[in-house]
Visitor: 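Sharing a structure, written as structure tokens. Questions coming.
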Amino acid sequence: MEHITLLIGIVIVTALVFDFTNGFHDTANAMATTISTGALKPKVAVAMSAVLNLVGAFLSVEVAKTISGGIIDEKAGVRPEIIFAGLVGAIVWNLLTWLAGLPSSSSHALFGGLIGATLVSVGSHGVHADAVVMKVVIPAVAAPVVAGVAATAATRLTYRLTRGRDEQETAKGYRAGQIASAALVSLAHGTNDAQKTMGVITLALVTGGVVAPHSDPPLWVIVSAGVAIALGTYLGGWRIIQTLGKGLTDIKPAQGFAAQTGAATVILASSHIGFALSTTQVCSGAIMGAGVGRKGGVVRWSTAGRMVAAWCLTLPAAGLVAGGAAFLADQGDWGIAAVAVLALAACGAIWLASRRKPVTHDTVAGTAAAPHVGPAAPTASEPAGVVTAALQAVAPPPAGPIAPAVSPTSEAGRSPAAPAAAAS
Amino acid sequence: MHIDWAAFGQVFGVSLVVTVALVGVFTLGIVGTTSRATVAARSGAYACYALCAAAVGYGIYLIVG
């Protein structure tokens with residue numbers, strides 16, 4: 001690694017930042033219901049997930065040969081600038097959805113970013129539209145359905161089997177089972193998603209001529225990718241954990257177990273059979289399914305609608321940001337510097353906005369009594385800052401599937417309190 | 001455009017069957033180990049738990065492999 005240029009250094013750092021956001025964005029997938037049913041204490045849950053993510057990063061020897069799974073033509077002139085711009089788009093979108101407390105697919109954000117950057121820099125022949133439909137659109141529709149149906153059926157069955165039993169007594173067993181299936185989800189996540197970052201870094205090193213093409217990632221790449229994702233996981237995206245654990249539906253231990261087992265099964269089945277499904281969408285779908293499966297269970301479809309809107313927007317939004325970043329980065333060194341500065345500023349602004357209504361491990365597992373700890377998007381009463389404006393820009397359009405006749409402004413102001421209030 | 005419906009159907013079928021089976025078996029284990037369970041029910045329940053543990057083991061094998 002004698003010849004790592006500054007640009008490749010920047011790409012590596014950006015990739016690790018993406019890995020980090022990926023970790024804390026996806027903690028919720030494995031741990032949200034585990035925390036909300038009380039199977040594990042919040043800190044213990046994220047610590048366990050972090051360790052398993054780290055272990056997962058070292059487990060698989062299969063190297064991510066293509067970082068985008070064939071969506072972009074990596075031979076058609078992918079330069080470090082494009083990877084950099086794509087990563088910036090993915091990071092910004094990950095942070096925005098985290099701020100809004102919405103689980104969205106980190107992989108789709110990465111794909112979207114790479115597609116957007118490629119479109120701007122290389123042109124449309126650099127993107128395989130077929131692969132976009134096959135790898136992103138169809139799995140996005142299929143994942144929640146598959147996981148939802150499985151979790152609904154499992155929830156129904158388990159409630160039928162335990163009818164007349166003491167709920168307190170059975171809850172213990174369910175919680176233990178839930179820990180096992182959450183562990184599997186975490187492990188699978190570490191294996192898949194840390195690999196993705198390793199692939200990105202390795203590709204950047206290959207384009208820079210630092211390592212030979214088709215070589216395995218160097219050990220330091222594996223270690224740093226694993227550590228970055230584990231750190232992100234340990235920090236915990238409490239906002240998203242709150243949404244998935246309590247915002248969508250009220251989860252009882254039996255449901256949590258059914259949802260988590262369904263999610264683990266779907267993830268493993270899909271990766272084994274080769275029909276890749278997004279972890280985030282699988283987990284969200286399973287939780288909704290478990291909500292539907294319990295008699296008297298309520299799924300808050302307004303929250304679900306916001307989530308689905310975020311899924312639909314993930315690819316274009318990350319692509320748009322990345323496209324802009326790619327346009328700037330193509331202007332030369334000053335452009336790359338400008339992208340880096342703008343990206344840092346955006347991350348800082350989002351972080352500052354999150355501090356207004358922090359959601360921490362203390363509040364996340366609370367009894368949802370206080371409406372003010374809801375998945376905190378900036379409320380309408382706050383002065384409209386840059387981020388508020390940006391969030392509104394990416395908020396579901398008024399004519400979207402969820403809230404007709406509601407303007408983005410009032411939507412952003414109204415909905416945060418709704419799930420928490422309804423849960424109390 | 002080629003959409004691999006067969007693979008999708010497989011994922012759907014396998015997921016549904018395995019999830020329901022696992023949750024069902026584990027629930028039987030829970031039911032069998034409640035305080036008023038008989039010895040027979042208890043040993044059956046442990047068999048159920050063992051089956052679930054095996055499934056987790058297979059899951060880890062799939063992740064590693």
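In what follows, chains are A, B, ... by sequence order, proteins preceding strands, each numbered from 1.
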Visitor: Using 0.5 Å steps for rounding, measure from the CG atom of A:L187 to the CD1 atom of B:I63.
Guide: 4.0 Å

Visitor: Quick one: closest heavy-atom pair of A:L161 and B:V31, and the distance?
Guide: O-CG2, 3.9 Å

Visitor: Ring-plane angle category for A:H272 and B:Y58, please: parallel below 30°, perpendicular beyond 60°, tilted otherwise.
Guide: perpendicular

Visitor: Do you know which two heavy atoms are closest between A:A154 and B:T19, and how far apart they sit?
Guide: CB-CG2, 3.9 Å

Visitor: What's the separation between atom NZ in A:K172 and atom CD1 in B:I30, rounded to the nearest 0.5 Å?
Guide: 11.5 Å

Visitor: Please report the shortest heavy-atom distance between B:V11 and A:A269, naming the atom on each side.
Guide: CG2-O, 4.2 Å

Visitor: For A:T191, is it the side chain, the backbone, both or neither that has a heavy atom under 4.5 Å from a heavy atom of chain B?
Guide: side chain

Visitor: To the closest 0.5 Å, what do you measure between CG (A:L277) and CZ (B:F8)?
Guide: 8.0 Å

Visitor: Let me know if B:L62 has heavy atoms under 4.5 Å from chain A in its side chain, its backbone, both or neither.
Guide: side chain

Visitor: Before giving the answer on side chain to side chain contact (heavy atoms under 4.5 Å, CB included), spell out for A:T158 and B:F26 the whole-Å C-alpha distance, their side-chain angles and the decisive distance to 0.1 Å.
Guide: CA-CA 9 Å; A:T158 194; B:F26 193 81; over 6 Å; no

Visitor: Compare every heavy atom of A:L268 with every heavy atom of B:G59, then report the nearest pair and how far apart it is.
Guide: CA-CD1, 3.6 Å

Visitor: Tell me the closest heavy-atom pair linking A:A150 and B:L16, and the distance in Å.
Guide: CA-CD1, 3.5 Å

Visitor: Can you say whether A:L157 sits under 4.5 Å from chain B via the side chain, the backbone, both, or neither, judging by heavy atoms?
Guide: side chain

